[in-house]
Peer 1: 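Please see the structure below; I have some questions.
Indexing begins at 1, ligand by ligand and atom by atom, following the structure's order. Reckoned from all heavy atoms, side chains included, excluding hydrogens, waters and symmetry mates. Keep in mind the model is a prediction, meaning the values are calculated, not measured.
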Amino acid sequence: MLRFLDGGESHGKALVAILEGFPSNFHIDVEEINKELQRRQQGYGRGKRMSIEKDQVEIWSGLRGDKTTGAPITMIIKNKDYENWKDFFNREAKEEEKIKIIRPGHGDLVGFYKYKTGDIRDAIERTSARNTAIRTAIGALCKQLLKSLDIDIRSMTKSVGAVYENKVNLFNEDIYTIIQNSDIRCYNKPIEEKIKAAIDKCKLEGDTIGGSVFISIKGVPLGIGSYTQWDRKLDAIISMGIMSVQAVKAIAFGEGFNSNIQGSEFNDEAYFKNNEIIRGTNHAGGIEAGVSNGENIDITAFIKPIPSVKKGIASINLASKENVISRYERSDVCAVIPAAVVIENVCAFHILSEILNKFPSDEYNELKRNFYDYKAYLKKM
Ligand code: EPS
């Protein structure tokens with residue numbers, strides 16, 4: 001079983017995670033993880049914080065040289081901004097600095113009453129999307145192993161505000177190079193310009209903007225996940241991972257949000273061609289009955305506008321019980337573009353975890369052998 005726990009505050013010393021169940025004898029490329037962390041830090045619409053941080057992972061356990069030993073892997077990403085918060089974190093909060101005015105939409109209200117520390121700051125620190133850095137590091141490691149099993153996870157921006165990008169084939173190298181080099185993660189230049197203009201407009205207005213991202217996973221063989229029990233369904237498992245990413249409000253697999261298709265058209269027609277199963281379409285998004293069917297796993301995730309808006313909105317002071325204008329906390333204007341990278345990596349963790357559930361292996365070569373034997377069996381059917 002692959003599992004992890006993470007800890008860390010947005011402006012605390014570091015983000016930390018312990019990943020357990022990762023097979024031994026796998027050569028890790030730390031620089032590849034750092035590249036993934038850099039991808040996450042990019043994207044149009046980021047705020048000032050990204051000019052402070054330059055995320056780099058340190059691996060403190062579970063390795064001998066660059067090879068995994070099967071022991072828990074401890075990952076650390078230091079927060080550079082901690083230098084500016086050191087004093088703040090190392091003493092009790094002074095009464096006058098405690099935050100009592102909520103940012104509606106954020107975790108401020110629920111955190112204040114749930115954990116009762118008397119300061120909304122404590123909720124802000126742990127609810128922050130800074131947490132996605134460590135989630136990305138964990139996923140990036142899983143992604144490396146998946147890549148060696150010919151499983152590739154890619155993403156693009158699908159929409160920002162009212163501007164929509166057409167879906168393209170992410171596994172066409174020319175197309176994907178353009179997307180990877182775009183700071184909107186878009187293929188179409190005119191759409192990219194429109195999205196930038198929409199983000200700029202929001203920034204000027206002191207507002208924020210949401211959107212959607214498209215993730216496609218290629219190479220997952222038929223048979224990962226199970227319909228025999230609710231908590232073994234692959235789409236349910238992936239959904240939990242994605243839903244736990246800050247600001248995600250909805251997920252669709254394939255054409256899951258399209259109510260304008262009737263059954264005869266929605267269901268992906270199947271054919272045999274040279275003894276191989278061919279599907280006419282992929283409206284199911286690669287998962288039928290909670291089990292991968294061998295097609296690409298296609299996911300769209302919807303990200304709400306960030307709740308920290310400069311433009312004041314109606315809010316409340318929890319101490320004085322007055323109706324006030326919301327307070328502003330430094331933030332990004334648009335988190336859609338980095339969310340695409342985060343969700344790629346969140347998916348990587350769950351896909352690897354479910355592959356390990358089907359092929360329980362302590363050691364990497366054992367996993368590889370079992371995985372490819374299974375793929376050979378599928379081919380022979
Ligand atoms: C975030 C607020 C901003 C973002 C942060 C998420 O941070 P700060 O409060 O330091 O300005 O930059 O995202 C990251 C730090 C990151 O690494 O993605 C929030 O409130 O969620």
Side-chain angles (χ1 to χ4, degrees), residues 6-17 33-57 75-89 97 99 101-112 119-140 155 183 185 199 202-203 206-211 213 243-249 303-311 313 315 326-346:
D6 75 81
E9 279 76 37
S10 181
H11 307 95
K13 247 185 200 170
L15 305 166
V16 183
I33 302 176
N34 287 336
K35 273 190 204 153
E36 209 65 25
L37 293 177
Q38 274 164 33
R39 284 180 74 220
R40 191 201 70 92
Q41 286 201 268
Q42 288 158 9
Y44 205 76
R46 288 295 231 158
K48 286 208 176 69
R49 177 75 185 272
M50 286 307 101
S51 56
I52 301 173
E53 303 298 340
K54 190 176 182 310
D55 293 338
Q56 302 242 298
V57 73
M75 295 174 140
I76 314 272
I77 299 172
K78 289 183 179 150
N79 287 320
K80 286 204 159 48
D81 210 10
Y82 174 66
E83 283 307 310
N84 307 315
W85 288 75
K86 224 189 233 163
D87 165 61
F88 192 87
F89 269 100
E97 68 192 7
I99 300 171
I101 297 174
I102 69 162
R103 295 166 302 163
H106 226 297
D108 301 5
L109 173 71
V110 292
F112 186 82
D119 188 358
I120 288 172
R121 166 62 52 203
D122 298 313
I124 293 175
E125 287 301 320
R126 187 59 188 155
T127 54
S128 169
R130 175 77 187 135
N131 168 261
T132 59
I134 198 75
R135 299 277 305 266
T136 300
I138 295 160
S155 74
D183 50 7
R185 295 196 67 71
I199 296 173
C202 267
K203 190 174 179 181
D207 220 325
T208 60
I209 193 165
V213 296
M243 249 342 193
S244 69
V245 173
Q246 286 78 356
V248 173
K249 275 296 197 189
I303 292 111
K304 71 174 181 179
I306 289 167
S308 300
V309 282
K310 227 178 217 162
K311 192 181 189 168
I313 62 165
S315 179
S326 60
R327 61 173 279 286
Y328 177 63
E329 174 91 19
R330 182 183 67 181
S331 194
D332 303 325
V333 175
C334 179
V336 174
I337 300 120
V341 177
V342 172
I343 295 170
E344 274 178 39
N345 286 291
V346 164

Peer 1: Looking at Asp81, is its backbone amide N or carbonyl O close enough to the side chain of Glu53 to form a donor-acceptor pair, meaning the two atoms are under 3.5 Å apart?
Peer 2: yes
Peer 1: Which residue, Lys78, Arg40, Arg49, Lys80, forms the salt bridge (charged side-chain N to carboxylate O under 4.0 Å, His left out) with Asp55?
Peer 2: Arg40
Peer 1: Among Ala339, Ser10, Gly43, Ala129, which one has a heavy atom closest to atom 21 (O) of ligand 1?
Peer 2: Ala129
Peer 1: Between Glu329 and ligand 1, does any nitrogen or oxygen pair lie at a separation below 3.5 Å?
Peer 2: no
Peer 1: Of the protein's non-hydrogen atoms, which lies at the shortest distance from atom 1 (C) of ligand 1, and what is that distance?
Peer 2: Ser128 OG, 3.6 Å
Peer 1: I'd like to check which ligand 1 atoms, numbered from 1 as shown, lie under 4.0 Å from a non-hydrogen atom of His11.
Peer 2: 8 (P), 9 (O), 10 (O)
Peer 1: Say whether Arg330, considering both its backbone and side-chain N or O atoms, lies within less than 3.5 Å of an N or O atom on ligand 1.
Peer 2: yes
Peer 1: Ligand 1 versus Ile306, non-hydrogen atoms closer than 4.0 Å: side chain, backbone, both, neither?
Peer 2: neither
Peer 1: So does Pro104 get a backbone contact from the side chain of Asp108, meaning a donor-acceptor N/O pair under 3.5 Å?
Peer 2: no
Peer 1: Taking 4.0 Å as the limit for heavy-atom contacts, which would you say applies to Met50 with ligand 1: side chain only, backbone only, both, or neither?
Peer 2: side chain
Peer 1: Below 3.5 Å, N or O to N or O, backbone or side chain included: is there any such pair between Arg49 and ligand 1?
Peer 2: yes
Peer 1: Would you confirm whether Asp6, through its side chain, and Val16, through its main-chain N or O, come within 3.5 Å as a donor-acceptor pair?
Peer 2: no
Peer 1: Is atom NZ of Lys304 surrounded by more than 12 heavy atoms (other residues, nucleotides or ligands) closer than 6.0 Å?
Peer 2: yes
Peer 1: Between Lys48 and ligand 1, find which residue part has any heavy-atom pair under 4.0 Å and reply side chain, backbone, both or neither.
Peer 2: neither
Peer 1: If the threshold is 4.0 Å, N to carboxylate O, is there a salt bridge linking Arg185 and Glu344?
Peer 2: yes
Peer 1: Within the side chain of Arg126, is there an N or O that forms a donor-acceptor pair under 3.5 Å with the backbone of Gly8?
Peer 2: yes
Peer 1: Has the side chain of Ser326 got a donor or acceptor atom that lies under 3.5 Å from a matching backbone atom of Ile313?
Peer 2: yes
Peer 1: Classify the ring geometry of Trp85 against Phe89: parallel below 30°, tilted from 30° to 60°, perpendicular beyond 60°.
Peer 2: tilted
Peer 1: Considering both backbone and side-chain atoms of Arg103, is one of its nitrogen or oxygen atoms within less than 3.5 Å of a nitrogen or oxygen in ligand 1?
Peer 2: no
Peer 1: Please confirm whether Arg130 comes within less than 3.5 Å of ligand 1 when only nitrogen or oxygen atoms on both sides are compared.
Peer 2: yes
Peer 1: Starting from atom 18 (O) of ligand 1, find the nearest protein heavy-atom neighbour and note its residue, name and distance.
Peer 2: Arg40 NH1, 2.8 Å
Peer 1: Within ligand 1, which atoms have a heavy atom of His106 less than 4.0 Å away?
Peer 2: 20 (O)
